[in-house]
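Here's the structure, in structure tokens; my notes come after.
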Amino acid sequence: MTPPHGPTRPDPAAPAGAQRRSALRPPALCPGDQVAVLSVSSPADPAQLAIGLDALRFAGLDPVLYPSAHDQGSVRSYLAGDDRMRTCDLRAALTDPDIAGIIFATGGSGAQRTLEAMDWAGLAGLPPKVLAGYSDVTAVLEAAASKLGWASLLSPMVVSCGGAAGHYSFASMLRALMHPERATYIRYPMATRVAGGTARGVTLGGNLTLLTSSIGTDTSWPARGGILLVEDENEEDYRVDRMLTQLRRSGYLDRVAGIVAGTFVGCGDPAVIEEILAERLGGLGVPMIAWANVGHGGFFQTFPIGVAAELDADAATLRLLDPPLCPAAQQARPAERPVSRGRRPAAGPPGH
């Protein structure tokens with residue numbers, strides 16, 4: 001197994017199909033830990049934010065709200081504060097030794113602006129801490145991997161969907177955050193096989209729109225030798241086609257090892273989306289599944305970013321070769337301080 005804090009970052013030159021080593025895995029969260037709650041994107045709904053904060057407190061965590069979590073669009077309706085507020089919040093949370101991790105308040109739009117304004121100087125030598133979020137936050141998780149060499153979690157956020165799906169999704173996030181040793185085997189029994197076989201690599205990816213918009217920037221993390229996740233919501237089928245084509249043309253997908261296509265809720269006829277996925281990605285000749293329950297809309301199972309794993313496309317499983325975070329038993333902490341089902345889209349609660 002990979003030591004708790006080595007190596008600094010995955011090797012981008014590793015050949016496709018090779019087992020790469022996990023990125024720097026942050027420590028798991030423990031009861032009493034302070035977690036930063038902030039937005040790098042859009043404003044958070046206050047009522048839903050309050051519910052999510054209580055859920056974190058019920059789990060034993062101590063959420064610390066930053067100004068961007070409160071801002072209701074003081075500069076632009078779609079942005080939580082100005083770029084300086086969001087970058088200052090993110091940098092402050094990363095550098096504060098009392099903050100054990102960051103659980104983003106919400107997604108939306110604005111993370112690319114946050115990254116453009118972000119000052120990364122002096123951050124590379126910091127001990128890793130977990131970042132958890134998805135959707136627009138995909139760009140920040142990519143940046144944490146490419147700039148800092150940190151593993152992270154593509155997961156629900158503080159503002160999460162309600163009902164049974166929300167309960168399941170939030171519980172999946174908490175398990176990965178606080179008991180990562182229990183989150184090393186992920187089943188997707190309702191997923192469809194696009195191309196069979198097994199592949200090993202480091203997990204990466206997230207929201208397709210954000211992956212595409214990061215291409216050509218210094219925070220993009222190409223899929224070479226990795227197991228790539230793609231998912232999205234409310235995109236027309238031709239836009240999904242165009243974004244996948246851009247990933248191909250840019251070289252982002254060169255020598256990818258395997259692909260997990262998650263949910264594509266509100267993207268049109270699921271049969272057409274699956275055809276597009278197979279047409280644009282199936283020709284890469286790597287193991288691939290579609291309709292894994294990862295991403296928008298439904299029973300969201302937390303997906304690690306930057307962790308060595310094995311994808312078995314025939315069994316529709318992802319086996320992590322390291323826990324997604326460094327388990328508490330392996331940490332030198334101060335004294336004071338398989339599961340799933342996915343459908344296109346998911347129609348019922350996941351089984352165990």
Side-chain angles (χ1 to χ4, degrees), residues 4-5 24-41 43-46 48-71 80-81 85-107 111 114 118 120 122-134 137 140-141 143-144 148 150-160 169-183 302 304-305 323-337:
H5 295 308
L24 285 168
R25 291 174 300 131
L29 299 182
C30 294
D33 277 346
Q34 292 186 342
V35 291
V37 176
L38 56 91
S39 179
V40 291
S41 307
D45 178 87
Q48 294 184 42
L49 180 65
I51 294 171
L53 292 171
D54 274 347
L56 293 178
R57 295 185 185 108
F58 294 157
L61 300 174
D62 181 11
V64 179
L65 268 68
Y66 283 64
S68 57
H70 294 293
D71 191 282
M85 175 187 287
R86 297 191 308 280
T87 56
C88 285
D89 281 1
L90 179 58
R91 187 176 174 90
L94 290 172
T95 56
D96 186 341
D98 291 330
I99 295 295
I102 302 172
I103 305 176
F104 293 95
T106 190
T114 303
M118 182 69 176
W120 295 94
L123 298 181
L126 292 175
K129 59 181 65 177
V130 64
L131 282 68
Y134 80 115
V137 174
V140 177
L141 304 187
L148 306 177
W150 293 4
S152 58
L153 296 178
L154 192 90
S155 76
M157 295 173 280
V158 181
V159 173
S160 189
S169 303
F170 214 76
S172 174
M173 176 189 72
L174 289 174
R175 183 181 68 167
L177 284 171
M178 303 183 77
H179 302 285
E181 69 282 359
R182 303 177 187 174
T302 291
I305 300 295
L325 303 179
C326 182
Q330 299 179 18
Q331 300 171 30
R333 301 180 66 88
E336 68 272 20
R337 280 197 39 91

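What you see is a predicted model, and the numbers here were worked out from it, not measured in a lab. Values below: every heavy atom of this structure, side chains too, minus hydrogens, waters and symmetry copies.
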**Message:** I'd like to know whether Leu148 forms a side chain to side chain contact (heavy atoms under 4.5 Å, CB included) with Leu126, so could you lay out the CA-CA distance, the side-chain angles of the two residues, the decisive distance to 0.1 Å, and finally the verdict.
**Reply:** CA-CA 8 Å; Leu148 306 177; Leu126 292 175; over 6 Å; no

**Fill in**
Value for NE2 (His70) from CG (Leu38), rounded to nearest 0.5 Å, stands at 11.0 Å

**Item:** Minimal non-hydrogen separation, Met157 against Ala105, with atom names
**Value:** CB-O, 3.8 Å

**Item:** Pairs involving residues 52-63, ordered by first then second residue, that meet side-chain hydrogen bond (donor to acceptor under 3.5 Å, both in side chains) (sequence neighbours left out)
**Value:** Asp54-Arg57

**Asked** How would you list, by chain and number, every residue that makes a side chain to side chain contact (heavy atoms under 4.5 Å, CB included) with Ala143, sequence neighbours excluded?
**Response** Leu115, Trp120, Thr219

**Message:** Applying side chain to side chain contact (heavy atoms under 4.5 Å, CB included), can you list everything that pairs with Pro46, at least two apart in sequence or on another chain?
**Reply:** Gln72

**Straight-line distance of Glu181 CD to Cys326 SG, nearest 0.5 Å** = 10.0 Å

**Residue list, side chain to side chain donor-acceptor pair (under 3.5 Å) with Thr114, at least two apart or on another chain** = Arg86

**Fill in**
Distance col, row Leu61:CG vs Leu53:CG, nearest 0.5 angstrom, shows 11.0 Å

**Prompt:** Under 3.5 Å, is there a donor-acceptor pair between the side chain of Lys129 and the main chain of Ile102?
**Reply:** no

**Request:** Quick one: do Asp45 and Thr106 satisfy side chain to side chain contact (heavy atoms under 4.5 Å, CB included)? Show the steps, please.
**Result:** CA-CA 9 Å; Asp45 178 87; Thr106 190; over 6 Å; no

**Working for side chain to side chain contact (heavy atoms under 4.5 Å, CB included), residues Leu131 and Leu94** = CA-CA 9 Å; Leu131 282 68; Leu94 290 172; 4.1 Å; yes

**Ser155: partners by side chain to side chain contact (heavy atoms under 4.5 Å, CB included), with sequence neighbours left out** = Ala132, Leu153, Met173, Thr302

**Request:** Locate the shortest heavy-atom distance separating Ala28 from Pro327; write the atom from each residue and the value.
**Result:** CB-CA, 4.4 Å

**Partner residues of Phe104 under the ring pair (Phe, Tyr, Trp, His ring centres under 6.0 Å) criterion, sequence neighbours left out** = none

**Item:** Spacing of CG belonging to Asp89 relative to CG belonging to Leu65, to within rounding of 0.5 Å
**Value:** 10.0 Å

**Request:** Please report the shortest heavy-atom distance between Ala55 and Phe170, naming the atom on each side.
**Result:** CB-CE2, 3.4 Å

**Asked** Partners of Ala59 by side chain to side chain contact (heavy atoms under 4.5 Å, CB included), sequence neighbours excluded?
**Response** Leu174, Met178

**Request:** Taking all non-hydrogen atoms of both residues into account, name the closest pair between Tyr66 and Ala93 and its distance.
**Result:** OH-CA, 3.6 Å

**Request:** Sequence neighbours left out, what passes side chain to side chain donor-acceptor pair (under 3.5 Å) with Ser41? Give chain and number order.
**Result:** Asp136

**Ala80 to Ser68 - nearest heavy-atom pair and separation** = CB-O, 3.4 Å

**Asked** Do you know the tightest heavy-atom contact between Gly101 and Leu29?
**Response** N-CD2, 4.3 Å

**Request:** Would you sort out whether Ile103 and Leu177 count as a side chain to side chain contact (heavy atoms under 4.5 Å, CB included), showing the intermediate values?
**Result:** CA-CA 10 Å; Ile103 305 176; Leu177 284 171; 3.8 Å; yes

